[in-house]
Amino acid sequence: MGDDVARPAEGRQPAAPVSRGQVARRVRILRAASELGAREGLASVQMHDVAKEAGVAIATLYRYFPSKPYLFTAVLEWHIEQYLGGHDDGRTHPAGAGRADAAAEVADLLITLSLKLLDSPLLASAVALSSFTEYTTAVPARIDIVDSALGRAILRLLGADQASETDRGRARLLLYGWWGLFVAMLTEEISTAEAETNMRLAARLLLTP
């Protein structure tokens with residue numbers, strides 16, 4: 001049975017889990033895709049294998065995740081949310097104060113997250129390729145990167161609960177810079193030490209008055 005079986009009609013919005021059981025099924029799918037991606041890489045993972053591993057029908061898989069790139073982009077977001085859930089203490093810096101310290105903390109957060117994601121090279125490659133594919137094709141429910149869990153965490157560290165467009169612009173530029181450095185580390189274009197130096201420089205230039 002191929003991956004096109006039970007695929008939703010093009011352009012259909014993915015379903016949002018509502019009940020506790022639906023949330024649990026979605027998490028099982030993300031976990032199964034993560035484990036398969038870490039073992040086999042993006043090209044070898046088939047959607048019906050993810051459905052089987054997660055214990056759901058293929059139609060259920062496509063209901064939540066319309067394509068494989070969409071699924072693995074969601075896997076990336078899920079891993080980031082899991083990481084933030086274990087490391088975010090909810091602290092918020094006073095607005096306009098301690099921005100240099102906040103910039104250092106943001107840099108630390110992004111560097112540590114990068115290293116965490118790179119612990120599984122095949123999975124890191126899968127989510128990186130999927131994210132690129134998602135942003136070069138028509139995909140449903142795309143959001144501003146600043147409104148992602150990672151973007152909100154950065155704004156919180158900056159004391160920007162009521163973020164101005166300038167705050168959002170700085171966070172957006174930093175996140176795109178981080179992603180570029182993450183991909184460069186993944187492809188070994190730059191070393192971990194070089195990426196860390198560049199990340200700290202970007203945070204200091206963008207976030208410190």
Side-chain angles (χ1 to χ4, degrees), residues 27 30-31 34 37-38 72-136 141-209:
V27 170
L30 292 169
R31 183 174 291 114
S34 179
F72 275 92
T73 300
V75 166
L76 171 62
E77 294 167 356
W78 181 62
H79 274 273
I80 290 173
E81 289 168 0
Q82 296 294 303
Y83 172 79
L84 292 175
H87 292 77
D88 183 10
D89 58 9
R91 285 181 300 161
T92 301
H93 288 274
R99 296 282 274 212
D101 290 341
E105 287 193 45
V106 169
D108 286 340
L109 171 68
L110 294 174
I111 292 164
T112 306
L113 174 60
S114 297
L115 297 176
K116 179 68 175 176
L117 292 172
L118 289 168
D119 280 345
S120 298
L122 283 177
L123 181 60
S125 296
V127 298
L129 182 58
S130 294
S131 295
F132 175 79
T133 303
E134 184 200 4
Y135 273 87
T136 55
R142 182 181 297 165
I143 66 168
D144 189 332
I145 193 170
V146 183
D147 295 320
S148 67
L150 188 54
R152 294 194 304 270
I154 288 173
L155 290 174
R156 203 158 49 242
L157 282 173
L158 295 176
D161 289 335
Q162 301 296 323
S164 67
E165 282 306 309
T166 298
D167 290 324
R168 290 175 62 84
R170 286 173 174 165
R172 187 180 296 110
L173 287 170
L174 189 62
L175 284 167
Y176 282 128
W178 164 70
W179 184 249
L181 289 171
F182 172 73
V183 172
M185 291 170 67
L186 177 61
T187 57
E188 299 183 344
E189 293 178 40
I190 61 175
S191 68
T192 300
E194 289 172 319
E196 179 173 348
T197 298
N198 289 332
M199 191 72 260
R200 294 192 185 284
L201 174 61
R204 187 168 68 251
L205 291 175
L206 285 168
L207 303 180
T208 304

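For clarity, every value in this text was computed on a predicted model and none was experimentally measured.
Going from atom NZ of Lys116 over to atom CD of Gln82 covers 10.5 Å, rounded to the nearest 0.5 Å. Within the model, atoms CG of Leu117 and CD1 of Ile80 stand 6.0 Å from one another, a figure rounded to the nearest 0.5 Å. Note: Arg168 CZ to Asp144 CG = 5.0 Å, rounded to the nearest 0.5 Å. Rounding to the nearest 0.5 Å gives a distance of 10.0 Å between CE of Met199 and CG of Leu109. Taking OH of Tyr83 as the start and OG1 of Thr112 as the end, the distance is 4.0 Å to the nearest 0.5 Å. Remark: Leu201 CG to Leu181 CG distance equals 10.0 Å, nearest 0.5 Å.
Looking at every heavy atom in both residues, Ala128 comes nearest to Trp179 through CA-CZ2, 3.7 Å. When every heavy atom of Thr187 is checked against every heavy atom of Ala184, the shortest pair comes out as OG1-O, 3.4 Å. Taking both residues in full, the closest heavy atoms of Phe72 and Gly37 are given as CE2-CA, 4.0 Å, listed atom of the first, atom of the second, then distance. For the pair Ile154 and Ala171, the tightest heavy-atom approach, listed with the atom from each and the gap, is CG2-CB, 4.2 Å.
Side-chain contact between Phe182 and Leu113: absent, with no pair of heavy atoms (C-beta onward) separated by less than 4.5 Å. A heavy-atom distance below 4.5 Å is not found between the side chains of Asp167 and Leu158. Looking only at side-chain heavy atoms (C-beta outward), Val75 and Leu123 come within less than 4.5 Å of each other. Proximity of Glu194 to Thr197: side-chain heavy atoms (C-beta onward) are nowhere separated by under 4.5 Å. Looking only at side-chain heavy atoms (C-beta outward), Leu115 and Met185 come within less than 4.5 Å of each other.
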Leu76/Ser131 under side chain to side chain contact (heavy atoms under 4.5 Å, CB included): CA gap, chis, key distance, verdict: CA-CA 9 Å; Leu76 171 62; Ser131 295; 3.6 Å; yes

Verdict with supporting geometry, Val127 and His79, side chain to side chain contact (heavy atoms under 4.5 Å, CB included): CA-CA 10 Å; Val127 298; His79 274 273; over 6 Å; no

Side chain to side chain contact (heavy atoms under 4.5 Å, CB included) between Leu174 and Leu207, worked out: CA-CA 9 Å; Leu174 189 62; Leu207 303 180; 3.6 Å; yes

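Take Ser125 and apply the side chain to side chain contact (heavy atoms under 4.5 Å, CB included) test, not counting sequence neighbours, and it matches Leu186.
A salt bridge (charged side-chain N to carboxylate O under 4.0 Å, His left out) check over residues 199-209, counting only residues at least two apart or in different chains, returns the pairs Asp108-Arg200, Glu196-Arg200.
Looking only at distances, a side-chain donor or acceptor of Trp178 sits under 3.5 Å from a matching main-chain atom of Leu110. A donor-acceptor pair is defined here as one N or O able to donate and one able to accept, closer than 3.5 Å; such a pair exists between the side chain of Arg170 and the backbone of Leu206.
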